[in-house]
Amino acid sequence: MGKPSRIHPPLGPDNAWWWEQVAHGKLPIQRCSSCGKLRHPPRPMCDACRSMLWDFIEASGRGALHSFTVIHHPQFPGYEYPIVIALVDLEEGERMLSQLVDCERDAVRIGMPLVARIHEDPDGFKLPVFRSAL
Ligand code: ZN
């Protein structure tokens with residue numbers, strides 16, 4: 001039996017497209033087709049104009065650290081601890097919850113510039129993570 005893998009997100013009609021784009025190496029942000037407002041995480045209706053029509057843009061991957069927390073416990077198989085969970089202000093104006101990688105805990109600073117990359121787990125699952133752009 002192999003090493004346990006990360007817990008995969010449940011996929012439904014409102015979010016599966018987002019993970020499919022990530023699997024293709026993109027970092028998408030949903031956009032209302034009626035008023036152009038961006039929204040993340042994906043959801044069926046625009047909170048500005050109530051339109052159900054949408055498309056998406058590809059984010060630049062650049063942003064800044066808005067806030068973070070460090071997870072030590074509980075520890076699940078398939079993860080390496082501690083995990084720095086980052087709330088990222090994307091330069092497009094949306095916020096995204098992700099993981100900060102390749103950064104020592106003591107070097108984490110609110111406001112630090114970040115850049116995204118698509119990480120691939122050994123089982124092929126892909127997800128966006130962020131690292132310092134300094
Ligand atoms: Zn709208």
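Counting convention: from 1, in listed order, for ligands and their atoms alike.
Looking only at distances, a side-chain donor or acceptor of E94 sits under 3.5 Å from a matching main-chain atom of H40.
Below the 2.8 Å limit, the Zn ion (ligand 1) has as protein N, O or S neighbours C32 SG, C35 SG, C46 SG, C49 SG.
Listed by first and then second residue, the salt bridge (Lys or Arg N to Asp or Glu O under 4.0 Å) pairs that reach into residues 19-41 are R31-D55, K37-D47, sequence neighbours excluded.
Grouped with F76 in one hydrophobic cluster are I7, I71, Y79, Y81, I83, I85, L87, L97, the linkage being side-chain heavy-atom contacts under 4.5 Å among Ile, Leu, Val, Met, Phe, Trp and Tyr residues.
Using bins of under 30°, 30° to 60° and over 60° for the plane-to-plane angle, the ring pair H8/F125 lands in the parallel bin.
Salt bridge status for D14 with R43: absent, with no side-chain N to carboxylate O gap under 4.0 Å.
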Name every donor-acceptor pair, under 3.5 Å, that has one atom in a side chain of residues 107-115 and the other anywhere in the protein, sequence neighbours excluded.
from	atom 1	to	atom 2	distance (Å)
R109	NH1	D106	O	2.8
R109	NH2	D106	O	3.3

